Amino acid sequence: MPRPAIRHRPFGTTPAGEEVTLWHLASPSGAYAEVLTYGGVLHALGVPDARGRTDNVVLSLGTLDQYAEKSPYLGALVGRYANRIAHGRFTLDGVTHHVPANDRGHALHGGPEGFDTRVWRAEPVVDGDTAALRLTLHSPHGDMGFPGTLDVTVTYALDAAGTLSLEYEATTDRPTVVSLAGHAYFNLAADGGDVLDHTLQVDATGYLPVDPTGIPLGPPEDPAGTPFDLAVPRRLRDTVLDPADAQLRLAGGYDHCWTLAGAESPEPRRAARLAAPGGTRVMEVWTTAPGLQVYTANQLDGTLADPGGRPLLRHGAVCLEAQHYPDAPNRPAYPTPVLRPGATARRRTEFRFPR
């Protein structure tokens, strides 16, 4: 039986002169993953379909310049704080901190120069039947306004069954807030079209309605009887296009956080199930995170194109981002994102592809 393999090649140089590498992880299952050191981007994820044909199921761009200049977080690792912090401001232990606003007056994904814009250090790891890439990043005290020096490790691992896992760890030298997430855009049909005929199920206890700028209105609400009720698989066409729902009109589709059972879970539990039309590919998301942000690529407009020249279209993918709740640094009732010295923030998310 073939063994897992890992190799790499250059992928360009940043304007600051930093060399960027593409790492290719291969699984005996026929699956593969490609990861860039720039932004920790998941550049490709090859998954066999029911007939054994392997296609890339995540959206990507062709060049480093495109990622650096234009990318809407395609495939990136986002932080220090995934999602939004209202007005770019939070108070921790009586001290108010300010993060530059980059989204309608709020800080999104760690501010305008978040972890998605950094070149990560990479170390390959092959262990038994798993090929892995360990990425590390050092974020100094005051980086984008966040307190504390933060040292981050994110390990991408592809096992013999074709499961892709992301293992996150972070430590700090003073109290801070942290929420790290992967921002891959999935289209399991891999056909360049939209995902409206995919079905989605989310194993949630509630969801967070938001104001017109994406900030939660309050505590989680019961989604029963709304397009946010995904307790059973529903076709996205039948939910995200509902013109009667005010939340969907505000965002142009889903851009909302579902709250998961058990808040912080010590072991991954299933959060979502996404299926291509006809069930040709099925993906399950398993995670220890308290929330799952579902985003249906509402802002893609065709101005960006994939490496094959196909335009990236509105609703052309769906992001399933396991993370803390948005604006949790300002919401004591939400699961806390606070990390203190001596502790390690740990999180695991798995993308499984059952046959």
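Here, residue 1 is the first one in the sequence, and each next residue gets the next number. Keep in mind the model is a prediction, meaning the values are calculated, not measured.
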Asks: Per the side chain to side chain donor-acceptor pair (under 3.5 Å) rule, what does the pair list look like for residues 16-27, sequence neighbours excluded?
Replies: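 Applying side chain to side chain donor-acceptor pair (under 3.5 Å) to every pair that reaches into residues 16-27, excluding sequence neighbours, yields His24-Glu34, Ser27-Ser29.
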Asks: Scan for salt bridge (charged side-chain N to carboxylate O under 4.0 Å, His left out) pairs involving residues 306-328, sequence neighbours excluded, and state none if there are none.
Replies: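 Sorted pair list: Asp306-Arg310, Asp327-Arg331.
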Asks: Please name all residues satisfying side-chain hydrogen bond (donor to acceptor under 3.5 Å, both in side chains) with His97, sequence neighbours left out, ordered by chain then number.
Replies: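 His97: no side-chain hydrogen bond (donor to acceptor under 3.5 Å, both in side chains) contacts found.
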Asks: Leu313: what forms a side chain to side chain contact (heavy atoms under 4.5 Å, CB included) with it, not counting sequence neighbours?
Replies: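 Partners of Leu313 under the side chain to side chain contact (heavy atoms under 4.5 Å, CB included) test: Pro311.
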Asks: Sequence neighbours left out, cut at 3.5 Å: what donor-acceptor pairs do the side chains of residues 119-131 make with other protein atoms?
Replies:
from: Trp120; atom 1: NE1; to: Phe115; atom 2: O; distance (Å): 3.3
from: Glu123; atom 1: OE1; to: Arg134; atom 2: NH1; distance (Å): 3.2

Asks: Begin from the C-alpha positions of Asp55 and Arg53 and carry the test salt bridge (charged side-chain N to carboxylate O under 4.0 Å, His left out) through to its verdict.
Replies: CA-CA 7 Å; Asp55 294 299; Arg53 172 175 168 167; 3.2 Å; yes
Asks: Is any side-chain N of the basic residue among Arg269 and Glu267 closer than 4.0 Å to the acidic one's carboxylate O?
Replies: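 Judged by the 4.0 Å cut-off on N to carboxylate O distance, Arg269 and Glu267 do not form a salt bridge.
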Asks: Assess the pair Tyr81 and Phe90: is the distance between their ring centroids shorter than 6.0 Å?
Replies: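 So the answer is no for these two rings.
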Asks: Identify, with sequence neighbours excluded, every residue that meets ring-ring contact (aromatic ring centres under 6.0 Å, His included) alongside Tyr295.
Replies: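 Scan of Tyr295 (ring-ring contact (aromatic ring centres under 6.0 Å, His included), adjacent residues dropped) gives none.
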Asks: Going by the salt bridge (charged side-chain N to carboxylate O under 4.0 Å, His left out) test, which pairs reach into residues 201-228, not counting sequence neighbours?
Replies: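 Matches after skipping sequence neighbours: Asp203-Arg270.
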Asks: Pro48: what forms a side chain to side chain contact (heavy atoms under 4.5 Å, CB included) with it, not counting sequence neighbours?
Replies: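 Side chain to side chain contact (heavy atoms under 4.5 Å, CB included) check on Pro48 returns Ala31, Thr54, Arg355.
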Asks: Can you sort out the partners of His324 under side-chain hydrogen bond (donor to acceptor under 3.5 Å, both in side chains), two or more places apart, ordered by chain and number?
Replies: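 With sequence neighbours excluded, His324 shows a side-chain hydrogen bond (donor to acceptor under 3.5 Å, both in side chains) to Glu264, given in chain and number order.
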Asks: With sequence neighbours excluded, what pairs up with His183 under the ring-ring contact (aromatic ring centres under 6.0 Å, His included) test?
Replies: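 With neighbours one apart ignored, the set is Tyr73, His109, Tyr185.
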Asks: Of all residues at least two apart in sequence or in a different chain, which pass the side-chain hydrogen bond (donor to acceptor under 3.5 Å, both in side chains) check with Asn187?
Replies: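 Result, side-chain hydrogen bond (donor to acceptor under 3.5 Å, both in side chains) vs Asn187: none returned.
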Asks: List in chain and number order the residues that pass side chain to side chain contact (heavy atoms under 4.5 Å, CB included) with Arg174, two or more places apart in sequence or in another chain; answer none if no residue qualifies.
Replies: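 With neighbours one apart ignored, the set is His141.
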